[in-house]
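Just so we're on the same page: letters track the sequence lines, and every chain starts at 1.
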Protein chains: 2
Amino acid sequence: MVFVLTGSERECGMSAAEETPGGEDMPWGEVTPEAARRLLVAAVEAFAERGYHATTTRDIAGRAGMSPAALYIHYKTKEELLHRISRIGHDKALEILRAAADRDGTAAERLADAVHSFVRWHAERHTTARVVQYELDALGPEHRAEIVELRKQSDGAVRRIIDEGVAAGEFVVPDVPGTTVAVLSLCIDVSRWFNTQGRRSPDEVGALYADLVLRMVGVQK
Amino acid sequence: MVFVLTGSERECGMSAAEETPGGEDMPWGEVTPEAARRLLVAAVEAFAERGYHATTTRDIAGRAGMSPAALYIHYKTKEELLHRISRIGHDKALEILRAAADRDGTAAERLADAVHSFVRWHAERHTTARVVQYELDALGPEHRAEIVELRKQSDGAVRRIIDEGVAAGEFVVPDVPGTTVAVLSLCIDVSRWFNTQGRRSPDEVGALYADLVLRMVGVQK
DNA sequence: CCGATCTCTAAGCGCTTGCTCACCCACGTT
DNA sequence: AACGTGGGTGAGCAAGCGCTTAGAGATCGG
């Protein structure tokens, strides 16, 4: 299931039987030299807290317990770090939406599932999501174009569910593209305001939002 | 040495009969020495394009056709510029929401009005809105606290409409605070994705969103 | 035991940043 | 004509930035 694209780091030290510590579901399990992962996690935290441009390479390296120069052994530039984070995050987001879209069940069930799990991810991993969703403009032109393409595919996955719901008579939606944008926007913005200290758990927000979105597409309960 | 705080700068040079060029409704009409306004408009554009931290004071001054040093005649720091922008923008946003909340009419009419005009503002002036809504963390502690207070009042205005709609039996909303956050989040995020080149006009997006929000609160059409 | 390799560090280079300072000039008043 | 004042500039400072380089220490096949 590992969808490492830049991958090719399976030939590193450990035997094929062993697993990356933390297992398959560990957030950044696919980032392989352990030091590279530490740097990446540190970068996510720093970028989420202060923003990409306000974060220094010294801060990232410091959080990872390393010297500033160590960063450049694993990443060519600070921008490449952001790109890696963004790429992995968008792959994960797209995977979540596609899994829901490709399930069995009514369009309403699939849309609710998509929103619920998409929102839960944005709340649970809101530090990552904040970087992934709001630091797009800090990427260089080619990297940005690559990520924009992934976002179009996310849009397509949601639109497909809504289209099918309309075709099946489950949904009443006068403006499918507009509603698709609104649904995605609503979910994504969770990462901006969600706070771990708040009253609601990620799962509760997911359930609330799934209900709100079903209302938006005109499903009667 | 006029350090304009909010208003009350009517005692400056021009006669009482004259108006600020552009009239009362001009976006930044209340910012008075003309050079200070030019700097502020330049800052809004630059912050919206590149983000606060990626924008240099030289860039701002250059866009306003002035030398870097000129900025510091009108503003103490770069952060003060952001604060001024943020303050004026939030005041305007709150004014829009309050005007809709205080109108006559059913809760549904007032909620639709609030969302329509709030979204239209975020689309029409999406450069300003982007700065106002997404650069909050770049403010210093006191300035941020001041702005956060304004946001709480915006939340209150929307919540009041929804509360009254529920009380009047117009709305069916199981979770009023959660729905309030979702509605505001939906509207605010328009400033992130809205593009002047796109198919929809600000007014059309406002109308679409007003309809979506009425569905969210369970109004049958 | 040797060199090759890989990871990491101390030091620092060249540049840009936010901001300041000494000075200038147009203009309204005397 | 002289002057004071407020908006403006050119040059530049101290600090901090992203990134590089020379080399240290650990590990390992031969």
List the residues meeting side chain to side chain contact (heavy atoms under 4.5 Å, CB included) with Arg125(B), not counting sequence neighbours, and say none if there are none. Pro27(B), Trp28(B), Trp121(B), Thr128(B)
In terms of the nearest nucleotide of DNA chain D, which residue is placed more toward the 5' end: Arg58(B) or Thr56(A)? Arg58(B)
Separation of dG7(D) atom P from Leu39(B) atom CG, nearest Å, is 12 Å
In whole angstroms, how far is the C1' atom of dC19(D) from the CD1 atom of Ile60(A)? 13 Å
So where does chain A start and stop touching DNA chain C, 5' to 3', when the test is distance under 4.0 Å to a non-hydrogen atom? dC8(C) to dG12(C)
Could you tell me which residues satisfy ring pair (Phe, Tyr, Trp, His ring centres under 6.0 Å) with His74(A), sequence neighbours excluded, listed by chain and number? none
For His122(B), enumerate each residue passing the ring pair (Phe, Tyr, Trp, His ring centres under 6.0 Å) test, keeping only those at least two apart in sequence or located in another chain. Phe118(B)
Give the table of side-chain donor-acceptor pairs shorter than 3.5 Å for residues 204-212 of chain B, with sequence neighbours excluded, one pair per line with atom names and distance.
unit_1    : atom_1 : unit_2    : atom_2 : d
Glu204(B) : OE1    : Ser201(B) : N      : 3.0
Asp211(B) : OD1    : Lys221(B) : NZ     : 3.2
Asp211(B) : OD2    : Arg215(B) : NE     : 3.4

When you check the gap from the basic side-chain N to the acidic O, do Asp155(A) and Arg151(A) get nearer than 4.0 Å? no
Side-chain donor/acceptor pairs under 3.5 Å, residues 39-50 of chain A, sequence neighbours excluded:
unit_1   : atom_1 : unit_2   : atom_2 : d
Glu49(A) : OE1    : Arg63(A) : NH2    : 3.2
Arg50(A) : NE     : Asp59(A) : OD2    : 3.4

Applying side-chain hydrogen bond (donor to acceptor under 3.5 Å, both in side chains), name anything that partners Tyr75(A), two or more places apart in sequence or on another chain. none
For Arg144(B), give me all partners under side-chain hydrogen bond (donor to acceptor under 3.5 Å, both in side chains), at least two apart in sequence or on another chain. none
Only pairs at least two apart or in different chains count here, so list each ring-ring contact (aromatic ring centres under 6.0 Å, His included) that has a residue in residues 125-157 of chain B. Tyr134(A)-Tyr134(B), His83(B)-His143(B), His126(B)-Phe194(B)
With ring-ring contact (aromatic ring centres under 6.0 Å, His included) as the rule and sequence neighbours excluded, what pairs involving residues 144-163 of chain B come up? none
Could you list the protein-to-nucleotides 8-11 of chain D atom pairs, N/O on both sides, closer than 3.5 Å?
unit_1 : atom_1 : unit_2   : atom_2 : d
dG8(D) : OP2    : His74(B) : NE2    : 2.9
dT9(D) : OP2    : Ser67(B) : N      : 2.9
dT9(D) : OP2    : Ser67(B) : OG     : 2.9

Is there a residue in residues 40-48 of chain A whose heavy atoms reach under 4.0 Å of DNA chain C, and which residues are they? none
